[in-house]
Amino acid sequence: MNMRFMVPFFLFLSLILLMVEAKTIDPYKVLGVEKNASQREIQKAFHKLSLQYHPDKNKNKGAQEKFADINNAYEILSDEEKRKNYDLYGDEKGNPGFNAGYPGDQDGYTFTNGGQGQNHYTFRSGDWQDMGDQGNSRSFSFSFGGPSSQSSFGFDLNDIFSNFFGGDLGGGQFGGFGGSTRSQSRSQSGSRSSPKSIKVINSQVFNKEIADQGMTWLLSSYTSSLKGSQYYESIIQEVADSLQGALKVGSINCETEMPFCKELGIQPRRVPRVFVYSYKGSDKGSLVEYNGNLVAKTLKAFCQDHLPRFSKRIDLKHFQSYSGDAKKLPRVLLLSTKKDTPVIWRVLSGLYYKRFIFNDAEVLDVTDPMTKKLGVDALPAIVGWLSNGEKHVLKSGIFVKDLKSAIHDLSIVLDGFEKMNKKAAAAASKDRKAQADSVGKHVPLLTGLNFDSLCGEKNPVCIIGGFRSSKAREKLEHILSMVSQKSLSRQQNAASSSGDSISYALLDVARHPSFLNALDKAGFKSSDKLLLAYKPRKQKFAAFKGEMTAEQVENFISSILNGDVQFTKTRQKPVVK
């Protein structure tokens with residue numbers, strides 16, 4: 001090959017290399033990764049270098065500039081579109097280093113494959129110094145003769161550009177960078193996932209989705225002028241990915257949400273700040289700042305420590321069966337061999353905050369007597385009680401593949417149990433209403449005409465509700481109506497074994513003071529309403545003491561049937577005239 005042709009060619013090649021290098025710093029070299037590196041490899045390299053050159057930790061000369069280069073490189077390679085553009089054109093914005101279609105433009109540089117004629121290439125000199133040839137001309141060109149892309153130098157032009165872009169030209173004009181190069185770039189970029197977005201938090205979102213909602217959030221506060229924001233976001237996203245399903249993430253821009261940041265006390269300083277909305281200290285959530293090294297492993301441990309703690313640890317040796325809850329909340333109990341409450345159960349206790357009562361207990365194995373008593377045949381297991389006290393084994397032999405899928409699967413179980421509880425509560429409410437409607441007027445008023453039938457010697461026990469006002473009568477009538485129905489079947493069973501039966505009546509003690517005087521000298525005159533149990537055969541009575549509720553009255557009557565209530569002899573036989 002003639003050396004006089006080789007000199008200008010290598011000069012041309014060197015100029016291209018200088019132009020590409022001057023245009024942008026190679027992000028792959030900055031992060032020290034290969035061009036086929038995965039997003040995970042790029043992210044790891046970025047984290048390592050960011051820690052090494054962070055201005056707060058590295059005070060050496062040039063560290064701040066290096067840190068900026070690292071962030072810029074990561075910004076290119078972590079974005080699918082920018083990385084694709086850089087791989088194709090050497091520019092993340094998609095501006096190729098070569099501009100096709102204008103041969104002969106003195107201020108441009110053009111590459112055209114002339115087919116039967118000559119191949120003519122003109123370069124812009126704006127990115128390097130004028131070469132001095134041809135006077136003050138702002139362009140220079142090289143001509144390669146021949147009918148095809150095979151040049152007069154005896155090599156294929158595709159070989160030159162394959163070193164720059166990783167594939168052949170595949171077309172007549174270099175500006176198109178034809179088929180194989182594009183398809184290869186798409187193939188490579190298709191395997192990379194785009195960065196996940198972190199939820200933007202403002203005061204409305206915070207109050208609706210975060211504050212006291214039971215879920216742990218990982219939050220950062222920043223302004224656009226702060227350096228290192230992208231590094232912080234990448235660490236936060238990595239932790240969120242590892243705790244997917246257990247943690248939510250968000251960021252607060254304190255430029256656009258300045259009053260909100262001041263209200264929370266989270267104004268950013270020299271770098272972004274990281275917080276966890278925590279329930280560690282109490283059932284009421286609060287923001288806790290993370291002040292450790294910004295490394296995914298330690299931040300993850302910090303977040304795990306601040307996951308919800310709404311499940312109460314219990315000892316099965318002192319466990320009492322669940323009889324129901326006044327707030328109509330169902331109860332769920334996790335049985336496992338873990339010495340501490342499992343992370344999954346803590347997360348679920350936050351997701352279902354104020355919807356379930358959560359408990360958990362440690363058991364050695366399924367041979368534990370209490371485990372058998374609860375009907376569990378495999379561990380771990382979840383036992384649930386409806387708000388009416390009805391027990392169900394919800395799931396046993398639970399298999400956990402990972403945190404995200406476990407939370408999803410167990411949420412389905414809890415959702416189904418919650419629906420079951422709502423149906424049971426609605427049915428119970430309907431029954432109570434029907435009972436009240438049917439028997440609300442069936443507590444008779446005690447008079448001289450019906451005294452023997454209600455409280456005569458044929459009746460072992462007579463429950464009498466005494467009232468002095470219409471309000472007290474209404475209260476007693478409602479309570480005795482409910483108790484008489486709820487206790488009916490149990491009392492009939494009791495009567496079959498003990499011979500006892502109960503009758504119920506109301507008495508206007510303001511009109512019949514002699515009835516009370518026959519029982520007690522004081523006559524219970526200080527009471528607006530009172531409840532008495534009277535045994536006509538034995539001429540004995542007992543007065544109810546305590547809060548006048550249906551539950552307490554029913555307990556009083558149960559104690560009478562069980563013989564646990566002490567009766568007092570009457571002063572004389574009471575009568576109603």
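By the neighbour-count criterion of 12 heavy atoms within 6.0 Å, atom CG of Asp564 is densely surrounded, having more than that number from other residues, nucleotides or ligands. No more than 12 heavy-atom neighbours from other residues, nucleotides or ligands sit within 6.0 angstrom of CG on Asp340. Within a 6.0 Å radius of CD in Glu255, more than 12 heavy atoms belonging to other residues, nucleotides or ligands are found. The number of heavy-atom neighbours closer than 6.0 Å to CD of Gln566, taken from other residues, nucleotides and ligands shown, is 12 or below. Counting heavy atoms of neighbouring residues, nucleotides and ligands inside a 6.0 Å radius, atom NZ of Lys339 does not exceed 12 of them.
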Please step through side chain to side chain contact (heavy atoms under 4.5 Å, CB included) for the pair Ile479 and Thr549, ending with a clear verdict.
CA-CA 7 Å; Ile479 291 174; Thr549 64; 5.7 Å; no
Using side chain to side chain contact (heavy atoms under 4.5 Å, CB included), reason through Val200 and Asn253 one step at a time and then give a plain yes or no.
CA-CA 8 Å; Val200 176; Asn253 186 338; over 6 Å; no
Start with the C-alpha gap between Ser387 and Asn421, add the side-chain angles, then the distance that decides, and say whether side chain to side chain donor-acceptor pair (under 3.5 Å) holds.
CA-CA 7 Å; Ser387 57; Asn421 185 70; 3.1 Å; yes
Taking it one step at a time, do Lys372 and Val366 satisfy side chain to side chain contact (heavy atoms under 4.5 Å, CB included)?
CA-CA 7 Å; Lys372 288 185 175 181; Val366 292; over 6 Å; no
Please step through side chain to side chain contact (heavy atoms under 4.5 Å, CB included) for the pair Leu335 and Leu379, ending with a clear verdict.
CA-CA 7 Å; Leu335 302 175; Leu379 296 173; 3.9 Å; yes
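Residues Phe515 and Leu507 have side chains in contact (heavy-atom distance under 4.5 Å, counting atoms from C-beta outward). Residues Leu243 and Val347 have side chains not in contact (no heavy-atom distance under 4.5 Å, counting atoms from C-beta outward). Side-chain contact check for Leu374 versus Lys391: some heavy-atom pair is nearer than 4.5 Å. Inter-residue side-chain proximity for Ser396 and Asp377 is flagged as met; some heavy-atom pair is nearer than 4.5 Å. At a threshold of 4.5 Å between non-hydrogen side-chain atoms, the residues Leu403 and Gln244 do not count as touching. Tyr231 is listed as a side-chain neighbour of Leu51, based on a closest heavy-atom distance under 4.5 Å. Contact annotation: the side chain of Tyr290 never approaches that of Val276 to less than 4.5 Å [non-hydrogen atoms, C-beta and beyond]. Within the 4.5 Å cutoff, side-chain heavy atoms of Phe417 are placed close to those of Phe356.
Side-chain atoms of Trp345 come within 3.5 Å of backbone N or O of Asn359 as a donor-acceptor pair. Between the side chain of Tyr232 and the main chain of Arg273, no donor-acceptor pair closer than 3.5 Å is present. Not a single donor-acceptor pair under 3.5 Å links the side chain of Thr371 to the backbone N or O of Thr367. Using a distance-only test at 3.5 Å, with no hydrogens or angles considered, a donor-acceptor pair links the side chain of Asp368 to the main chain of Met370. Distance alone, capped at 3.5 Å, is enough to place a donor-acceptor pair between the Asn562 side chain and the Ser558 backbone. Put simply, the side chain of Thr570 never gets that close to the backbone of Lys573: no donor and acceptor are under 3.5 Å apart. Under the 3.5 Å distance criterion, the side-chain polar atoms of Arg346 are matched with a main-chain donor or acceptor of Pro308. Side chain of Lys569 to main chain of Lys538: a donor-acceptor pair is present (N/O by atom type, distance under 3.5 Å, no hydrogens or angles). Remark: side-chain polar atoms of Ser349 are not paired, donor with acceptor, to backbone N or O of Arg309 under 3.5 angstrom. The main-chain N or O of Thr447 is found under 3.5 Å from a side-chain atom of Asn450 such that the two form a donor-acceptor pair.
A donor-acceptor contact closer than 3.5 angstrom is absent between the side chains of Gln213 and Tyr277. With 3.5 Å as the limit, one finds a donor-acceptor pair spanning the side chains of Gln237 and Asp241. When only modelled atom types and interatomic distance are considered, Ser203 and Glu257 share no side-chain donor-acceptor pair under 3.5 Å.
Phe206 has its ring centre less than 6.0 Å from the ring centre of Phe260. Proximity of the aromatic rings of Phe310 and Phe358 is defined here by a centroid distance below 6.0 angstrom, and this criterion is not met.
Taking every heavy atom of both residues into account, Asn459 and Ser453 meet most closely at ND2-O, 3.0 Å. Across every non-hydrogen atom of Leu519 and Phe541, the tightest pair is O-CE2, 3.2 Å. Of all non-hydrogen atoms in Ile407 and Ser411, the two that sit nearest each other are O-OG, 2.6 Å. Across every non-hydrogen atom of Asn517 and Arg571, the tightest pair is O-NH1, 2.6 Å. Considering every non-hydrogen atom in both Ala550 and Met482, the closest pair reads CB-CE, 4.3 Å. Among all heavy-atom pairs drawn from Ser221 and Ile266, the shortest one is OG-O, 2.8 Å.
Shown are His47, Glu233, Lys300; of these, the side-chain contact (heavy atoms from CB on, under 4.5 Å) with Glu238 is made only by His47.
A salt bridge links Asp305 and Lys280; the closest N-O separation between the charged side-chain nitrogens and carboxylate oxygens is under 4.0 Å. Using a 4.0 Å cut-off between charged side-chain N and carboxylate O, Glu418 and Arg355 make a salt bridge. Salt-bridge check for Arg313 with Asp360: passed, with a basic side-chain N closer than 4.0 Å to an acidic carboxylate O.
The CD atom of Gln39 sits 6.5 Å away from atom OG of Ser78, with the distance rounded to the nearest 0.5 Å. Separating the CD1 atom in Ile557 from the CZ atom in Phe544 is a distance of 9.5 Å, to the nearest 0.5 Å. Ile201 CD1 to Ile210 CD1: the interatomic distance, rounded to the nearest 0.5 Å, is 4.0 Å.
Note: Phe302 and His306 have tilted aromatic rings, judged against thresholds of 30 and 60 degrees for the angle between ring planes.
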